[in-house]
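Below is one structure, written out as structure tokens; comments come after it.
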Amino acid sequence: MKHLALFAAFMLTCGVSHAQTLDKMNWFNEPEEWSVTDNTLTMNVTPKSDYWRISHYGFTVDDAPFYFAEYGGEFEAKVKVSGDYKVRFDQAGLMIRVDHENYIKAGIEFVDGKYNVSTVVTHHTSDWSVIALDRPVDYIWIKAVRRLDAIEIFYSFDDKEYIMMRNAWIEANRPVRIGMFGACPDGNGFKATFSHFTVRHLPDRVRTEWLRSNAE
């Protein structure tokens, strides 16, 4: 019984959500202008920058700003995103990155004068999926949940009701970089703002089942 009680306590503590301290994170492709104030990141997205590999367009780029922390295991990550989107393909959101050939980016993307929720999944080559919104939005929430070898991506307008936009494969048991990105492949840059960035550890599903099955 004692072991079962300890296991229950362990499960409760693992469900606690923690806000990532933004001033302790790292840059990949640091932009010229950025700031962190009250745990909110603002960046001037680098002009003519993006993340994409090979497919459809025939080029590979890996030069847009990405502000990240590294995590292992299973997790839930989310962030509130807003941007002064101006031209085609301006985008900002959440990225989960293993390396230059394996990453997932999801957020708002401005295409053909419309706001879209967009996901790019890259495993050597990139693919792209979009959901057109029926109106401009001041901000959006993006959430990613990693379980085993899958990432589920959701969006929300209020941080209450979330809608799934993608389920994608990612290598299990591999540390990843999680954070906020902006890209401006076709323009001269724009301002993007990120707040309420959190990463919540989720107890490993396989280990949790083993502990439950082998409780003393």
Side-chain angles (χ1 to χ4, degrees), residues 17-53 59-71 75-111 115-122 126 128 136-144 146 151 153-157 159 175-200:
S17 180
H18 298 283
Q20 173 69 45
T21 304
L22 295 188
D23 58 3
K24 295 183 179 180
M25 296 173 65
N26 301 289
W27 277 109
F28 180 68
N29 300 320
E30 181 177 354
E32 289 188 6
E33 296 183 29
W34 64 277
S35 63
V36 172
T37 304
D38 296 328
N39 225 31
T40 296
L41 169 67
T42 301
M43 71 167 81
N44 287 346
V45 179
T46 305
K48 305 297 189 292
S49 67
D50 201 2
Y51 292 99
W52 186 264
R53 281 190 60 82
F59 56 74
T60 295
V61 286
D62 200 51
D63 57 4
F66 174 43
Y67 197 51
F68 69 90
E70 192 165 15
Y71 286 85
F75 57 78
E76 175 189 288
K78 65 180 180 179
V79 67
K80 183 180 180 182
V81 184
S82 62
D84 181 21
Y85 314 105
K86 297 177 180 178
V87 301
R88 180 179 61 166
F89 304 137
D90 279 358
Q91 58 195 270
L94 186 72
M95 183 153 74
I96 298 165
R97 179 181 174 98
V98 175
D99 55 32
H100 67 289
E101 291 189 335
N102 297 276
Y103 56 82
I104 298 168
K105 62 174 182 172
I108 284 283
E109 186 161 0
F110 191 64
V111 184
Y115 287 67
N116 301 264
V117 284
S118 166
T119 308
V120 168
V121 177
T122 299
S126 296
W128 181 33
V137 293
D138 293 330
Y139 56 83
I140 198 167
W141 291 82
I142 299 294
K143 180 170 71 173
R146 181 187 194 180
I151 297 279
I153 307 290
F154 303 82
Y155 71 94
S156 174
F157 302 115
D159 192 30
V176 295
R177 294 175 172 182
I178 312 169
M180 296 147 281
F181 85 97
C184 182
D186 203 31
N188 294 317
F190 67 96
K191 180 180 177 181
T193 302
F194 308 84
S195 61
H196 303 281
F197 176 59
T198 60
V199 180
R200 181 168 66 96

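All residue numbers refer to positions in the sequence shown, counting from 1.
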Quick one: closest heavy-atom pair of [X] and [Y], and the distance?
| X | Y | answer |
| --- | --- | --- |
| C184 | G189 | SG-N, 3.2 Å |
| A77 | I178 | CB-CG2, 3.9 Å |
| V45 | A183 | CG1-N, 3.5 Å |
| M43 | P65 | SD-CG, 3.7 Å |
| V87 | G187 | CG2-CA, 3.5 Å |
| L41 | Y67 | CD2-CD2, 3.6 Å |

Out of curiosity, [X] [atom1] to [Y] [atom2], how far, rounded to the nearest 0.5 Å?
| X | Y | atom1 | atom2 | result |
| --- | --- | --- | --- | --- |
| T21 | F197 | OG1 | CZ | 11.0 Å |
| L94 | K78 | CG | NZ | 12.0 Å |
| T119 | I104 | OG1 | CD1 | 8.5 Å |
| Y85 | I108 | OH | CD1 | 5.5 Å |
| T198 | E76 | OG1 | CD | 6.5 Å |
| T42 | W34 | OG1 | CH2 | 11.0 Å |

Counting C-beta onward and ignoring hydrogens, is there a side-chain heavy-atom pair between [X] and [Y] closer than 4.5 Å?
| X | Y | value |
| --- | --- | --- |
| Y139 | V81 | no |
| K48 | N188 | yes |
| D63 | S49 | yes |
| V176 | F75 | yes |
| V111 | W128 | yes |
| D159 | H196 | no |

**Message:** Restricting to ring pair (Phe, Tyr, Trp, His ring centres under 6.0 Å), what partner residues turn up for F68, sequence neighbours left out?
**Reply:**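 In terms of ring pair (Phe, Tyr, Trp, His ring centres under 6.0 Å), with neighbours along the sequence ignored, F68 is linked to F66.
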**Crowding at CG, D23 (>12 non-hydrogen neighbours, <6.0 Å)** =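 It does: D23 CG has more than 12 such atoms within range.
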**Crowding at CZ, F28 (>12 non-hydrogen neighbours, <6.0 Å)** =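 Atom CZ in F28 is crowded, with more than 12 foreign heavy atoms closer than 6.0 Å.
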**Prompt:** For the rings on Y115 and F110, is their centre-to-centre separation under 6.0 Å?
**Reply:**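 When the ring centroids of Y115 and F110 are compared, they turn out to be within the sub-6.0 Å range.
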**Item:** Identified side chain to side chain contact (heavy atoms under 4.5 Å, CB included) partner of Y103 from the options I96, V121, T122, V98
**Value:**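 Single side chain to side chain contact (heavy atoms under 4.5 Å, CB included) partner of Y103 among I96, V121, T122, V98: T122.
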**Asked** Any salt bridge (charged side-chain N to carboxylate O under 4.0 Å, His left out) pairs touching residues 86-110, not counting sequence neighbours?
**Response**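 Checked against salt bridge (charged side-chain N to carboxylate O under 4.0 Å, His left out) - neighbours excluded - the pairs reaching residues 86-110 are D50-K105, R53-E101, D62-R97, R88-D186, D99-R174.
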**Message:** Closer than 3.5 angstrom, by distance alone: can the side chain of Y51 be matched with the main-chain N or O of H100 as a donor-acceptor pair?
**Reply:**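 No: the side chain of Y51 does not pair with the backbone of H100.
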